[in-house]
Amino acid sequence: VFLDAIGVQPTADKAEAFYKDARTDKRSRLIDQLLGRPEYTNHWLVKFEDWFRNSQYYSQGRTNGSFKRWLAEAIQADRPYNESVREMLTATGDTTVHPAGNFWHPAMDFMLKTFEVSKATPTVTRLFLGQRIECAECHNHPLENLTQDDFYGMAAFLGRLKVKHGYAQYRRIWYNSRDGEVLHPTNKQPVKPKFLDGTAPAIAENQDRRAVLADWILGNQKMQFARATVNRIWAEYFTAGIVDPPDDFRSTNMASHPALLDQLAQAFIDGGYRFKPIHRLILNSQTYQASSRAPGHANGADPLEKILLARYEPRKLSAEVLLDAIGQLTGAAQSFPNYPEGTSSKDLIASIGATYFLTTFGHPRRDIMEPRTQSPSMAQALHLMNADAIREKLEAQSNILSRLLEASIDDRKVLKALYLRAYSRVPTSLEWSNAESFLTAEKEAGRSRRRAFENVLWALINSKEFQLNQ
């Protein structure tokens, strides 16, 4: 629950205290504590930045730092999500001063410095309605009741949004133009704004079309907005949405558990569109607490069990979480150029200063709307086995081994401390036996006690249990 809720491992003291706590509600108490910690904000901020593509690489320039801070403040305060969405959809002004406008930057052509409505339209529908409509930009959907008219009707709500330079090259100012129509590619005629349900609203000449769109998404379509939102949160916990992919709601891609999805959506609405009650609901559920182990299945759980939510699905730690976890385990935190000591990889602004480790383990460019890959790679395995960055943490004179070995001559105490740091548990009897045999062999081979435990720590880092949340 630590890794899922706040993206860090429990300390050895926290783990032991939890095991000794006899209260029947200790888990719910722990969840409440985790949701109140600053690490909760930092952990979920990375996910929001992925969703909203807050990226230096694309077109946001230096203003992505202001967007990051704006998102962080909303997460920390548990601001109602519908308020944040409305602010983003209707944002105008200098994005350094009014950060919500950074939402539109990925739909900007960086070289031509123009706003591309065709890029922005599917961004809005995928993020806030869970619907992919981009194929209808070029042709009617072959399987769904979705046409080019639907795509350009939605695009027309954004047709008068424009962007210009501020007083510095990197500054961007968004504003509503008095004119600007989206032309249908077939007949080259202006298209009137029309919702995906076929309704064409009456819009006054001086009325912000985006405000009308926001009213529809957050009003008439509030249940679908809530479904799309909680489904995205669910996917972060279970590796797959109740509708999967999470932003692909359609008649030919039905929800696996429609009643569950609707109940979560209604709970989100009833909770004032706040995220913490949804996190609390999921983390306290029996479904989330199910074991990931599948006795009798040599290659893991039956695929049907995943669909039926019978097991917790193990998954890789994200690049940022894994790098921070290695630093926490070894006691040698990662340093980043031009950032102060103690900076977490989650705090990097738009990947500036990102290490080779982060890019190797899937830190995204955020230039397209795609989830992070969960597939392992040979580069990842080799990096953990041989990289200088890992070796330097193992050999650092100020790391955890120096402190443990100086404090105790009892190898069992040192091994127990390392297991608690790595796995939040003590070694099994078999692990005790194997470790002691290895330490004896290392001593007989003439290696120092320090070098032997460096090898033990290396093995822990390279273990499946450490690299997976399971």
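Positions are given from 1 along the sequence. All heavy atoms count here, side chains included; hydrogens, waters and symmetry mates do not.
- Applying the salt bridge (charged side-chain N to carboxylate O under 4.0 Å, His left out) test to every pair with at least one member in residues 151-163, sequence neighbours left out, gives these pairs: Arg160-Glu181, Arg160-Glu205.
- Of the N and O atoms on the side chains of Asn54 and Asn64, not one donor lies less than 3.5 Å from an acceptor on the other residue.
- Remark: the backbone N or O of Tyr356 is paired with a side-chain donor or acceptor of Thr360 at under 3.5 angstrom.
- Side-chain polar atoms of Thr63 and Asn102 form a donor-acceptor pair below 3.5 angstrom.
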Ring pair (Phe, Tyr, Trp, His ring centres under 6.0 Å) between Phe67 and His105, worked out: CA-CA 11 Å; Phe67 195 35; His105 276 181; 8.5 Å; no
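- At a cut-off of 3.5 Å, with distance as the only test, a side-chain donor of Glu144 or Thr252 sits close to an acceptor on the other residue.
- Taking a cutoff of 4.0 Å between a charged side-chain nitrogen and a carboxylate oxygen, Arg250 and Asp248 qualify as a salt bridge.
- Between Phe361 and Thr373 the shortest side-chain heavy-atom distance does not fall below 4.5 Å.
- Within a 6.0 Å radius of CG in Asn145, no more than 12 heavy atoms belonging to other residues, nucleotides or ligands are found.
- For Gln328, there are no side-chain hydrogen bond (donor to acceptor under 3.5 Å, both in side chains) partners two or more places apart in sequence or in a different chain.
- Applying the ring pair (Phe, Tyr, Trp, His ring centres under 6.0 Å) criterion to His98, with sequence neighbours excluded, gives no partner residue.
- Scored by the ring pair (Phe, Tyr, Trp, His ring centres under 6.0 Å) test, Trp458 finds no partners at all (sequence neighbours excluded).
- Between the CG atom of Asn338 and the CG atom of Leu348 there is a distance of 11.0 Å, given to the nearest 0.5 Å.
- Counting heavy atoms from C-beta outward, Arg132 and Thr125 have side chains that stay 4.5 Å or more apart.
- With a 4.5 Å cut-off on side-chain heavy atoms, Thr114 and Val163 do not count as touching.
- A ring-centre distance under 6.0 Å is not found for Trp234 and His257.
- Aromatic ring centres of Phe225 and Phe249: separated by at least 6.0 Å.
- Put simply, the side chain of His363 never gets that close to the backbone of Glu320: no donor and acceptor are under 3.5 Å apart.
- Rounding to the nearest 0.5 Å gives a distance of 5.5 Å between CD1 of Ile173 and NZ of Lys164.
- Partners of Asp94 by side-chain hydrogen bond (donor to acceptor under 3.5 Å, both in side chains), not counting sequence neighbours, listed by chain and number: Thr96, Arg171.
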Met88/Glu83 under side chain to side chain contact (heavy atoms under 4.5 Å, CB included): CA gap, chis, key distance, verdict: CA-CA 9 Å; Met88 286 186 285; Glu83 293 182 5; over 6 Å; no
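- Ring geometry, Phe128 versus Phe52: the interplanar angle falls from 30° to 60°, so the pair is classed tilted.
- Applying the salt bridge (charged side-chain N to carboxylate O under 4.0 Å, His left out) rule to Asp244 yields no partners; only residues at least two apart in sequence or on another chain are considered.
- In this structure, Trp216 has its ring center no closer than 6.0 Å to that of Phe157.
- Listed by first and then second residue, the salt bridge (charged side-chain N to carboxylate O under 4.0 Å, His left out) pairs that reach into residues 223-236 are Lys47-Glu236, Arg227-Asp262, sequence neighbours excluded.
- Side chains of Gln470 and Glu313 form no contact here, defined as non-hydrogen atoms less than 4.5 Å apart.
- Ion pairing of Glu134 with Lys119 is absent here, as no side-chain N (NZ or NE/NH1/NH2) approaches a carboxylate O to less than 4.0 Å.
- For the pair Ile326/Lys393, a side-chain contact is recorded, criterion being any heavy-atom separation below 4.5 Å from C-beta on.
- A donor and an acceptor atom, one from each side chain of Thr330 and Asn399, are nowhere located under 3.5 Å apart.
- With hydrogens and angles left out, the side-chain atoms of Arg391 and Asn386 include no donor and acceptor closer than 3.5 Å.
- Under the 3.5 Å distance criterion, the side-chain polar atoms of Arg209 are matched with a main-chain donor or acceptor of Ala156.
- With sequence neighbours excluded, the residues that form a side-chain hydrogen bond (donor to acceptor under 3.5 Å, both in side chains) with Gln266 are Asp270.
- Considering all non-hydrogen atoms of both residues, Ala381 and Asn462 come closest at O-OD1, 4.4 Å.
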Step-by-step side-chain hydrogen bond (donor to acceptor under 3.5 Å, both in side chains) determination, Asn284 to Ser28: CA-CA 6 Å; Asn284 280 296; Ser28 61; 4.8 Å; no
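- For the residue pair Tyr152/Thr121, the side-chain donor-acceptor check at 3.5 Å is not satisfied.
- Scanning for ring pair (Phe, Tyr, Trp, His ring centres under 6.0 Å) contacts around His279 gives Tyr40, Trp44, Tyr237, with sequence neighbours left out.
- Distance CZ/Arg37 to CD1/Ile6: 3.5 Å, rounded to 0.5 Å.
- Among residues two or more places apart in sequence or in another chain, the side-chain hydrogen bond (donor to acceptor under 3.5 Å, both in side chains) test is passed with Thr123 by Arg53.
- Separating the CD1 atom in Ile242 from the CD1 atom in Ile233 is a distance of 11.5 Å, to the nearest 0.5 Å.
- Taking 4.5 Å as the limit, some side-chain heavy atom of Leu358 sits within range of a side-chain heavy atom of Ser345.
- Salt-bridge annotation for Asp21 and Lys26: absent, with no side-chain N of the basic residue lying under 4.0 Å from a carboxylate O of the acidic one.
- Taking 4.5 Å as the limit, some side-chain heavy atom of Phe466 sits within range of a side-chain heavy atom of Gln9.
- Side-chain atoms of Thr11 and Asp13 include no donor-acceptor pair closer than 3.5 Å.
- The distance from the CG atom of Leu394 to the CG atom of Leu329 is 8.5 Å, given to the nearest 0.5 Å.
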Which side-chain N or O atoms in residues 271-278 pair as donor and acceptor under 3.5 Å with protein atoms at least two apart or in another chain?
residue : atom : partner : partner atom : Å
Arg274  : NH1  : Asp78   : O            : 2.6
Lys276  : NZ   : Leu35   : O            : 2.8

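- Annotation: side chain of Arg210 is in contact with side chain of Thr92 (closest heavy-atom distance under 4.5 Å).
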Tyr312 and Thr287: CA distance, side-chain angles, deciding distance, side-chain hydrogen bond (donor to acceptor under 3.5 Å, both in side chains) verdict: CA-CA 8 Å; Tyr312 182 83; Thr287 302; over 6 Å; no
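- In this structure, CZ on Arg421 lies 9.0 Å from CG on Leu457, to the nearest 0.5 angstrom.
- Evaluation of the salt bridge (charged side-chain N to carboxylate O under 4.0 Å, His left out) rule for Lys194 yields Asp150 as partners, not counting sequence neighbours.
- The aromatic rings of Tyr81 and Phe268 sit tilted relative to each other, their planes meeting at an angle between 30° and 60°.
- Here the side chain of Asn231 pairs a donor or acceptor atom with the backbone of Val243 at under 3.5 angstrom.
- A side-chain donor-acceptor contact under 3.5 Å links Gln224 to the backbone of Leu129.
- A donor-acceptor pair under 3.5 Å is absent between the side-chain atoms of Glu39 and the main chain of Gly7, judged by distance alone.
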